[in-house]
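Taking it in order: structure first as structure tokens, then the write-up.
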Amino acid sequence: MKKYYRDSVLAKKLIVGTVLCSSIITLLLTSFHLYTQYARDIDQLSQSEKIIQNSLLNSLSESVWDYDNKLIQLQLEGVLSQPYIEQTYLELKDGQTFHSGSLEHDWTKTYVFPIIHEQKGKRRELGTLTVTADLHSIYQQLINSAALTLLFNAIKTFGVVMFMLFLIERLIGRHLLRIVSSLDKIDPEQSLTSIELGRPTKHLPDDMDKLAEAINAMQQRIHDAHHARLIASQEKAELQEKIINQNQQLAQLDRVFTMGEMATSLAHELNQPLASITGFADICKRLVSQDKINHEMVEKTLEKVSSEAIRASEIIRRTREFVRDRTPQRGCYNICPLVLESIAMLQDMASKNQVQVSYQPITESAQIEVDKVQLEQVLINLIRNAIEALSQQTDGHIIISQEVKENMALLHIADNGPGLADKVMQNLFKPFISTKESGMGVGLSICHSIIEAHGGQITVTSKPYQGACFTIQLPTSQNKEISL
């Protein structure tokens, strides 16, 4: 109980509130009581003044007129019998004075009465009577009464406060402490523990029991919601993992499909170095079969064979790296080499469709942290789509440019083709929607997902018969270590 009073803010507020309220009420009642008592005493003093003025002055004036000094003195002492009158002083016109009583305190009130004698219709002023009332007794009574009232009310307030605190501790305080202690031990990860107030079996339920039941019900709801959220979070994580895996598989299928469409161009691109190797091999064979072997010419021919073989090997390496299924791996790359490599893979396709691809790298290429194969997949998709859109034109031109704005690298791929219709623009990045008869409808959707996964965005602008422009926006990397 002592601990409750010491630690409970509610108990302290209750004590302060009760004492403050009781003090205000006590002060108001005491003030009213003192005012009533003071008014009664002042009224009694006023009555004494009236008695002196209406009764005693006439007899005193007769005694003064008769020069009966003994009677005058007796009458002055009779004035002192009135409540609160402590001193009288009579001064006659001939200079003679009489007085009775004495003052012991400074709190006084003085009344001055003229002594008038009437005879045969004539009024004569014989002197003045000064009566002094002692107010000290009135104030002392008020002070004593106030002190007793305040002391009594202080004792009563103390008793009421202690009784109230006892009741609150018994009916509320200890149960609140038990509830707070139980709430502090709540752990959503552990089993649910209900709050028990430890009431007697025959106890009539009150508000504290209702509070405990409400908290137990709330705990149950929180516990159920927490487990439901954990299950939902696990299911969401599993679903996201499935979506990521499916996106990776879909991206792999898109790359394979892209290479399938590029198979003819790839075969033609490989035939060129292979044909050159065959030709140079025949030349080398003839040079070796001569009687006088020209070693310098043979060496140059073999170097060309080796160069073309490396060229063919590089074509196969790029294709294999692009098509093979693997876990995404990010590294810090310059944009320029990635763009140039993507253009190189589509150069033969562009030549066959009489499309010119222009790319002017900036002096200081921006560094970006990306998965190399995934970004090349995006670039190849966009450039290939532009080539196909320009296949019916004789002046097809694709312009690739780049810029850096506020820690963001922007890559623009623009063509001078027929542009995109408004209906196509609205659904451009949705999956399984394609304008090609043999298209899968996943290329641009995968591009959009890849760029967003890298913290960037891809947008498109188009004007009828003026071409379309795709813009890739990616955050630049502060890492100076470049991946090869």
Side-chain angles (χ1 to χ4, degrees), residues 1-2 5-6 8 10-60 63 71-91 97-115 127-169:
M1 184 173 177
K2 292 182 179 179
Y5 292 151
R6 185 179 67 250
S8 174
L10 180 62
K12 294 176 183 177
K13 288 183 177 180
L14 181 63
I15 292 174
V16 172
T18 303
V19 171
L20 182 62
C21 180
S22 179
S23 300
I24 293 174
I25 294 175
T26 299
L27 289 175
L28 291 176
L29 293 177
T30 303
S31 299
F32 179 75
H33 173 71
L34 294 178
Y35 173 77
T36 304
Q37 184 176 345
Y38 177 76
R40 185 174 62 250
D41 293 339
I42 295 299
D43 183 65
Q44 192 173 8
L45 186 59
S46 299
Q47 293 295 329
S48 298
E49 178 188 2
K50 291 179 181 179
I51 291 173
I52 294 171
Q53 188 172 9
N54 296 331
S55 301
L56 299 179
L57 286 182
N58 291 331
S59 60
L60 183 61
S63 299
L71 185 58
I72 292 173
Q73 192 66 39
L74 288 174
Q75 288 178 336
L76 291 178
E77 292 176 359
V79 174
L80 295 179
S81 64
Q82 298 298 320
Y84 307 113
I85 304 300
E86 298 293 335
Q87 187 183 59
T88 59
Y89 177 78
L90 176 62
E91 184 179 4
T97 60
F98 301 87
H99 64 86
S100 179
S102 62
L103 293 174
E104 297 179 359
H105 305 97
D106 296 332
W107 294 346
T108 61
K109 185 174 182 179
T110 302
Y111 300 94
V112 179
F113 303 99
I115 305 298
T128 57
L129 175 64
T130 303
V131 178
T132 304
D134 186 4
L135 300 181
H136 179 269
S137 59
I138 296 177
Y139 295 147
Q140 189 63 46
Q141 289 179 7
L142 292 177
I143 293 173
N144 294 337
S145 178
L148 289 174
T149 303
L150 292 175
L151 178 61
F152 173 76
N153 282 280
I155 296 173
K156 182 181 68 175
T157 300
F158 177 78
V160 170
V161 168
M162 294 306 297
F163 183 69
M164 288 180 62
L165 288 177
F166 173 77
L167 287 180
I168 290 176
E169 194 278 334

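Just so it is clear, the structure is predicted and the values come from calculations on it, not from any experiment.
Residues that satisfy the side-chain hydrogen bond (donor to acceptor under 3.5 Å, both in side chains) test with Ser63, not counting sequence neighbours, are Gln75. Every residue two or more places apart in sequence or in another chain that forms a side chain to side chain contact (heavy atoms under 4.5 Å, CB included) with His136 is listed here: His105, Trp107, Asp134, Gln140. Legend: residues meeting side chain to side chain contact (heavy atoms under 4.5 Å, CB included) with Ala147, ordered by chain and number and at least two apart, are absent. For Leu20, the side chain to side chain contact (heavy atoms under 4.5 Å, CB included) criterion is met by Ile24, not counting sequence neighbours. Thr149 pairs by the side-chain hydrogen bond (donor to acceptor under 3.5 Å, both in side chains) definition with nothing, not counting sequence neighbours. Residues satisfying the ring pair (Phe, Tyr, Trp, His ring centres under 6.0 Å) criterion with His33, sequence neighbours excluded, are absent altogether. Every side chain to side chain contact (heavy atoms under 4.5 Å, CB included) that Leu80 has, sequence neighbours left out, goes to Ile85, Thr88, Ser100.
At distances below 3.5 Å, not a single donor-acceptor pair connects side-chain atoms of Ser22 with backbone N or O atoms of Val19.
Looking at Leu29 and Phe32, their side chains never come closer than 4.5 Å, going by heavy atoms from C-beta outward. Using a 4.5 Å heavy-atom threshold, the side chains of Asn153 and Ile25 count as separate. Here the side chains of Glu86 and Thr132 are not in contact, with every heavy-atom distance at 4.5 Å or above.
A side chain to side chain donor-acceptor pair (under 3.5 Å) check over residues 41-56, counting only residues at least two apart or in different chains, returns the pairs Asp41-Tyr84.
Atom CD in Gln87 sits 4.0 Å away from atom CG in Leu103 (nearest 0.5 Å). In this structure, the separation between OG1 on Thr97 and OH on Tyr89 is 4.5 Å, given to the nearest 0.5 Å. Residue Ile51 holds its CD1 atom at 12.0 Å from CG of Leu57, rounded to the nearest 0.5 Å. Taking CD of Gln141 as the start and CG of Leu34 as the end, the distance is 11.5 Å to the nearest 0.5 Å.
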**Request:** Quick one: do Gln37 and Leu142 satisfy side chain to side chain contact (heavy atoms under 4.5 Å, CB included)? Show the steps, please.
**Result:** CA-CA 7 Å; Gln37 184 176 345; Leu142 292 177; 4.0 Å; yes

**Asked** Can you list the steps and then say if Tyr111 with Ile52 is a side chain to side chain contact (heavy atoms under 4.5 Å, CB included)?
**Response** CA-CA 10 Å; Tyr111 300 94; Ile52 294 171; over 6 Å; no

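Checking each of Val112, Ile115, Leu56 against Leu129 for a side chain to side chain contact (heavy atoms under 4.5 Å, CB included) leaves exactly one that passes, namely Ile115.
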